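A short worksheet on the structure shown next.
Because the structure is predicted, anything quoted here is derived from the model rather than measured.
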Amino acid sequence: MTILRNITAAAFGVLLIGPAMAAGPADAPPGALSCSGCHPNSSAVDTPATRLIGRDPAAIVTAMQAFRSGQTPSTVMDRIAKGFTDDEVKAIAAWYGAQKN
């Protein structure tokens, strides 16, 4: 009976966690998850790279365009920005903008 209870509790936990996970990384457009190598997911992390989660998608697109054109100086973002098409940048920006804390 204890084993059955543990299995039932584990299955219930997966059901509760499953929907929350489905709206996260699994739905990320190509390239979006690589941003977290520098840009923090948590507001508690202190880093010079700005947090992207919940940010206005238009601001992300504008920043990427500025990096791509060289208008905004950077160490690596100019090269990273050149690796994405406009549509990819828009998709990534929309996904990060839709993410919540």
### Query
Honestly curious: do Val45 and Tyr96 fall in one hydrophobic cluster under the side-chain, below-4.5 Å linking rule?
no
### Query
Between Pro40 and Ala49, what is the shortest heavy-atom contact and its length?
CD-O, 3.5 Å
### Query
Does the Arg68 side chain pair with the main chain of Ile80, one donor and one acceptor, at a distance under 3.5 Å?
no
### Message
Rounded at 0.5 Å granularity, tell me how far CD in Gln99 sits from CG in Asn41.
### Response
9.0 Å
### Query
Taking all atoms of both residues into account, what is the closest heavy-atom pair of Ile92 and Cys35, and its distance?
CG2-SG, 4.4 Å
### Query
Do you know the tightest heavy-atom contact between Ala91 and Pro29?
O-CG, 3.6 Å
### Task
Can you see which heavy atom on Ala32 is nearest to which on Trp95, and at what distance?
CB-CE3, 3.9 Å
### Task
Taking Arg79 for its side chain and Thr75 for its backbone only, find out whether a donor-acceptor pair lies under 3.5 Å.
yes
### Message
Rounded to the nearest 0.5 Å, what separates atom SG in Cys38 from atom CE in Met77?
### Response
8.5 Å
### Summary
Lys100 and Gly97 have their tightest heavy-atom pair at NZ-O, 3.9 Å
### Summary
One should read off an interatomic distance between Thr72 OG1 and Gln65 CD, to the nearest 0.5 angstrom, of 10.5 Å
### Message
So which atom in Ala81 and which in Phe67 form the shortest heavy-atom distance, rounded to 0.1 Å?
### Response
CB-CB, 4.0 Å
### Task
Examine distances only and state if a side-chain atom of His39 and a backbone atom of Thr50 form a donor-acceptor pair shorter than 3.5 Å.
yes
### Query
Would a distance-only check, ignoring hydrogens and angles, find a side-chain to backbone donor-acceptor pair under 3.5 Å from Thr85 to Glu88?
yes
